Protein chains: 2
Amino acid sequence: MPDAAQTPRENADVTLEADVFARGCTSRETLQTVTGRWGVLALAALAEGNYRFSALRRRVDGVSERMLSQTLQALERDGLVVRDVLEAIPPKVEYSLTPLGAEIATRLVGLIELVESRMPEVWSAQQKYAERRTDRA
Amino acid sequence: MPDAAQTPRENADVTLEADVFARGCTSRETLQTVTGRWGVLALAALAEGNYRFSALRRRVDGVSERMLSQTLQALERDGLVVRDVLEAIPPKVEYSLTPLGAEIATRLVGLIELVESRMPEVWSAQQKYAERRTDRA
């Protein structure tokens, strides 16, 4: 329920339960961060193991540097991803999941596997939907 | 893997497995439909029971008529939601989940409950993140 525009400290009224169906609840923003186009893929990739930025960008095929950087920042801000600077020349930056990030990523991987495994059913539905549209026209 | 721009019939090569990490795979589009800002909330609401359009719009607080309509169309197209026109004057339109839609919605409700229950942890992370930013400035 606290509004996203306020700071967490001022509005974290723990007597209220988070409710993603309420438009002002910050849990909706966090849900969006983890289910957004790139958030879901970044978390699912990091469930496979730690990644450096460039390797993660190759894994999440199609993401721009800017979008991946923004996505990782939002995930870090919400405490789901840790950004570690490893001592090396040049320094290496590695991303990994926090325990909460790992819990969420596990759920997302389950969802992804379900969707991937049922795509033939989805394609069949898409075909019928297109045929119904054609019939009407 | 088939490209979203092609029709399902022409490209549903069932010898290939769907892979959301491949940028051209249509499973990525379906994943986006179910995890998109309004898709996830519409599916989670329909997991509670069938809804008429106007009631669903009240439940998914903040969604515009146009966005909810587009969201439901995409979910119907992918075979996750059924749109029933009930005989009445004026006719009533009711939305419900298909079996596949219900399976996906169950996963989404689990994810939502996890996120909602852990928001105090997220708020605490957001506060620490803001403080680190301030220290650097």
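Predicted, not measured: the structure shown is a model, and the values here were computed from it. Here is the naming used below: chain letters follow the sequence lines, and residue numbers restart at 1 for every chain.
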Calculate, to the nearest 0.5 Å, the distance between atoms [atom1] and [atom2] belonging to [X] and [Y] respectively.
{"X": "Tyr129(B)", "Y": "Gln73(A)", "atom1": "OH", "atom2": "CD", "value": "4.0 Å"}
{"X": "Arg28(B)", "Y": "Ile112(A)", "atom1": "CZ", "atom2": "CD1", "value": "10.0 Å"}
{"X": "Glu121(A)", "Y": "Thr30(B)", "atom1": "CD", "atom2": "OG1", "value": "11.5 Å"}

Can you tell which of Ala44(B), Gly110(B), Ala130(B), Gly79(B) has the highest number of heavy-atom pairs within less than 4.5 Å of chain A?
-> Gly110(B)

Which of Leu108(A), Leu111(A), Val20(A) passes side chain to side chain contact (heavy atoms under 4.5 Å, CB included) with Leu111(B)? It is Leu108(A)

The side chain to side chain contact (heavy atoms under 4.5 Å, CB included) partner of Val115(B) among Asp78(A), Thr33(A), Ile104(A) is Ile104(A)

Kindly determine whether Gln126(B) and Glu29(A) satisfy side chain to side chain contact (heavy atoms under 4.5 Å, CB included), including the steps that lead there.
-> CA-CA 12 Å; Gln126(B) 288 175 347; Glu29(A) 297 306 310; over 6 Å; no

Can you tell which of Thr98(A), Leu31(A), Asp61(A), Thr35(A) has the highest number of heavy-atom pairs within less than 4.5 Å of chain B?
-> Asp61(A)

Which heavy atom of [X] sits nearest a heavy atom of [Y], and at what distance?
{"X": "Gln32(B)", "Y": "Gly36(A)", "result": "OE1-C, 4.2 Å"}
{"X": "Glu116(B)", "Y": "Asp19(A)", "result": "OE2-CA, 3.3 Å"}
{"X": "Met119(B)", "Y": "Ala18(A)", "result": "CG-CB, 3.8 Å"}

Path from [X] to [Y] over hydrophobic side-chain contacts below 4.5 Å:
{"X": "Phe21(B)", "Y": "Val122(A)", "result": "yes"}
{"X": "Leu114(B)", "Y": "Trp123(B)", "result": "yes"}
{"X": "Tyr95(B)", "Y": "Val85(B)", "result": "yes"}
{"X": "Phe53(A)", "Y": "Met67(A)", "result": "yes"}
{"X": "Leu80(B)", "Y": "Val82(B)", "result": "no"}

Check each atom of [X] against the heavy atoms of chain A and say whether the ones under 4.5 Å are side chain, backbone, both or neither.
{"X": "Glu103(B)", "result": "both"}
{"X": "Ala45(B)", "result": "both"}
{"X": "Arg107(B)", "result": "side chain"}

